[in-house]
Amino acid sequence: MIGFLDRSGLLSNRGRVIIALVGLGALFVFAGGVIACAENAQGDLMSIAAARGISPDDAARALKSFVPPGGKDDYLIFASGGHSGQVLVVGVPSMRLLRVIAVFTPEPWQGYGYGSDWSAQALADSSPGKEEIRWGDSHHPALSETDGDYDGRWLYINDRAHGRIAMVDLKDFRTKQVIHVPNLQTSHGGIFATPDTKYVHISSMVPALKRWDAKVGASVTVDEHLNNYGDIYRGYSTFLKIDQDTGRMAVEDSFQIELPPYTQDLADAGKGPSYGYAFINSYNSERATGGVNFGRQPLEVGASEYDFDYLHVINWQKAEEVIAAGNYEEVNGIRLITLETAVAEGLIHLVPEPKSPHGVDVAPNGNYLTVSGKLDPHVTVYGFDKILAAIEAEDFEGTDDYGIPIVRFDAAVAGQVEVGAGPLHTQYDNEGNGYTSLFLETAVAKWSLGEPYHSGDEAWQLVDKLGVHYNIGHLATAHGDTMNPRGGYLVALNKWSLDRFTNVGPLLPQNFQLVDLTGETMDLLYDMPIGVGEPHYAQIVSTDVINPEQVYPLGTSAMTGEISAQAIEGGEQSRIEHRPGETEVWMTVIRSQYAPDVVPVKLGDKVTIHLTNIEQTLDATHGFSIPGKDIMVSIDAGETITIEFEADTPGSFSFYCTEFCSALHLEMQGWLIVEEE
Ligand code: CUK
Ligand code: CUA
């Protein structure tokens, strides 16, 4: 033990670690009642750490993030899976990957998109253009909220590459709806749920041609693109109405507001005093078009010309009234308030934002809005009360080219904090602090908000900074987007990992870093490599509010929640019906047998099989696949899934259960026999 401390050479600083190790030793004494055991345990811990070259600080960090085998996590991270198109569910503090939820991309283990009646259909129906899209850039997850806090009902996420948005039901962690939002070509802003989940918001990323229809297209020339950009392109802010029973987005009850062709970026929901408002920042208010080969400035130069871009302040409650009054146009299947109407009705105001802004994040009290300019070392915090007062007093510095009033910058600002280079996104804790990611500095800055959280010299101060590895994008704190943040942990979502893991390059994993917020200074606890895409954003929710159901009632369709009578009627559940040109099969699935297990069909038949897993035990999932068919379904206990295919090849085909479900799993197979007439 002495040798170990000598090796560390920092005895006084490491005191707390020694206390932790001694404390752990004491626990063994208490449990075992044997002094010798205590010394051994302590000695063991010390020698294990020493043998592995682990410093006392790292040993303490390991204890803070370690969840023993069989132990449970305190929080779940719902992280976008980036180009994988999926959602990743990770435990905190253990940083163990617990689940991958298939959303925009087919996923074979879950049978998502491989022939099942619901998921394959959802993916096909949501493809915006003329061909089926088989991937997505899953981007910003948003958990549903009640009274401004995560309620564990649903999760929404957008596909940055398209105007798609999906709903995941947290009752069974499955995607239940994928839609393409009319008029959007790409999406970014938000997504957020209003504090009551009345709406989920998504806005366009890059502006699209006016009245863009993804299936039909629109006519444009290079000349029009370069010279009329400001006239022929528009952005869109979309409020998708949420069915409170099912969580589904109802496009027919939703509406859109047309925006200027700035590149709308991140967005957030008003809450508390700002309930009824949405905030969307933007860059490229210059409306640069790119086109170096046509003698134009590079886009990144043209789009960085102005000192200010604009935060959009949108009054969606007032927009609801405009819709109710019938003052809208129906465009590509959604009710659209035109830019002209939005200006005339006073639905939108702009507030200048310094230098190519990226994030806008509403503080827990709903009054402060933090924005950061990628090219400005400050976070700028607006007071919603100040913005409202300025709007009321018409304290404007003019209008933009589309007639939208611009609130005077100084009238809106409540505070500014110099945080460092390349600030992007901000999250909050339960003590009135903001945490801002610094992309260029590759760090997290902790800073204090003003009244009522901090006053006098305590307000608007940089409090602490922590280096992260490397090039942080988003960050997330526990319940950090709600009115009730929990503090405790922060996760940094880093784009580069360079020297952090064994080199598996040249494409290296992304790096989720777990940070402890409970001490005087932020402390980095753990690195988690993510090797499946570039996750952008994550939300962290207490496991208290996530309660998935155990098993489905017998015969349930996971998609609709409906119980199929035919699937469960006694005796009727296992049978085959032949009709001219088609065969319909009702098949039960249980450890370790399909019934029927020999399925005769005629060549050319349209074959429909309704598979029902008649088990009622958690995790007793079975699979089903047929050689030569792109079919792979996963059937959870109680679930019914229908598959359809054409019997286009004569012969016998051994279908089998793809899940190692029992000792006789290998025997869980059957035959599809395709007979020629
Ligand atoms: S954006 Cu990725 S780091 Cu697309 Cu949310 Cu800021
Ligand atoms: Cu069922 Cu293997």
**Message:** Test salt bridge (Lys or Arg N to Asp or Glu O under 4.0 Å) on Asp169 and Lys176; report intermediate values, then the result.
**Reply:** CA-CA 6 Å; Asp169 192 343; Lys176 297 291 170 68; 3.1 Å; yes
**Request:** Dump the intermediate steps for side-chain contact (heavy atoms from CB on, under 4.5 Å) on Tyr199 and Leu240, then the final yes or no.
**Result:** CA-CA 5 Å; Tyr199 295 103; Leu240 293 159; 5.8 Å; no
**Prompt:** Would Tyr310 and Asp400 count as a side chain to side chain donor-acceptor pair (under 3.5 Å) if you check the C-alpha gap in whole Å, the side-chain angles of each, and the deciding distance to 0.1 Å?
**Reply:** CA-CA 10 Å; Tyr310 299 120; Asp400 75 347; over 6 Å; no
**Request:** Report the C-alpha separation of Val322 and Leu347 in whole Å, then their side-chain angles, then the decisive distance to 0.1 Å, and conclude whether the side-chain contact (heavy atoms from CB on, under 4.5 Å) test is met.
**Result:** CA-CA 9 Å; Val322 171; Leu347 305 184; 4.1 Å; yes
**Asked** Stepwise, does the side-chain contact (heavy atoms from CB on, under 4.5 Å) test hold for Leu143 with Tyr156?
**Response** CA-CA 6 Å; Leu143 288 157; Tyr156 301 87; over 6 Å; no
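Relative orientation of the Trp316 and Phe239 rings is tilted, given thresholds of 30° and 60° on the angle between their planes.
The heavy-atom pair separating Arg153 from Asp151 by the smallest distance is NE-OD2, 2.8 Å.
In this structure a side-chain-to-backbone donor-acceptor pair under 3.5 Å is present from Asn367 to Phe384. In this structure a side-chain-to-backbone donor-acceptor pair under 3.5 Å is present from Thr338 to Thr341. Checking side-chain atoms of Gln256 against main-chain N and O of Tyr236 turns up no donor-acceptor pair under 3.5 Å. Side-chain atoms of Ser356 never come within 3.5 Å of backbone atoms of Gly373 as a donor-acceptor pair (strictly under, hydrogens ignored).
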Tell me which donor-acceptor pairs under 3.5 Å the side chains of residues 411-427 have, and how far apart each pair is, sequence neighbours excluded?
{"residue": "Gln416", "atom": "NE2", "partner": "Thr380", "partner atom": "OG1", "Å": "2.8"}
{"residue": "His425", "atom": "NE2", "partner": "His358", "partner atom": "NE2", "Å": "3.1"}
{"residue": "His425", "atom": "NE2", "partner": "His474", "partner atom": "NE2", "Å": "3.2"}
{"residue": "Thr426", "atom": "OG1", "partner": "Thr436", "partner atom": "OG1", "Å": "2.8"}
{"residue": "Gln427", "atom": "OE1", "partner": "Thr477", "partner atom": "N", "Å": "3.0"}
{"residue": "Gln427", "atom": "NE2", "partner": "Asp481", "partner atom": "OD1", "Å": "3.0"}
{"residue": "Gln427", "atom": "NE2", "partner": "Tyr537", "partner atom": "OH", "Å": "3.1"}

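A centroid separation of 6.0 Å or more is found between the aromatic rings of His140 and Phe192. Side-chain rings of Trp447 and Tyr453 stay apart, their centers remaining 6.0 Å or farther from each other.
Side-chain atoms of Gln185 and His162 form no donor-acceptor pair, as typed in the model, at a separation below 3.5 Å. Tyr262 and Asp309 are not linked by any side-chain donor-acceptor pair at a separation below 3.5 angstrom, with hydrogens and angles left out of the test. The closest side-chain donor-acceptor pair between His201 and Thr238, if any, does not fall under 3.5 angstrom. Side-chain polar atoms of Asn228 and Glu224 form no donor-acceptor pair below 3.5 angstrom. No donor-acceptor contact under 3.5 angstrom links the side chains of Asn484 and Thr482, judged on distance only. With hydrogens and angles left out, the side-chain atoms of Thr370 and Tyr382 include no donor and acceptor closer than 3.5 Å. Asn158 and His139 share no side-chain donor-acceptor pair at under 3.5 Å. In the model, His225 has a side-chain atom that pairs as donor or acceptor with a side-chain atom of Tyr233 under 3.5 Å.
At a threshold of 4.0 Å, the pair Lys495-Glu534 counts as salt-bridged, since one of the basic side-chain nitrogens sits closer than that to a carboxylate oxygen. Using a 4.0 Å cut-off between charged nitrogen and carboxylate oxygen, Lys198 and Glu320 count as a salt-bridge pair. Residues Lys241 and Asp253 are not paired through a salt bridge, judged by the lack of any N-O separation under 4.0 Å between the basic side chain and the carboxylate.
Geometrically, Arg287 does not engage Tyr229 in a cation-pi contact defined by less than 6.0 Å to the ring centre and at most 45° from the axis. Because its NZ or CZ atom is not both nearer than 6.0 Å to the ring centre of Tyr277 and within 45° of the ring axis, Lys271 does not count as a cation-pi partner of that residue.
For the atom pair CD1 of Ile314 and CD1 of Ile280, the computed distance is 3.5 Å after rounding to the nearest 0.5 Å.
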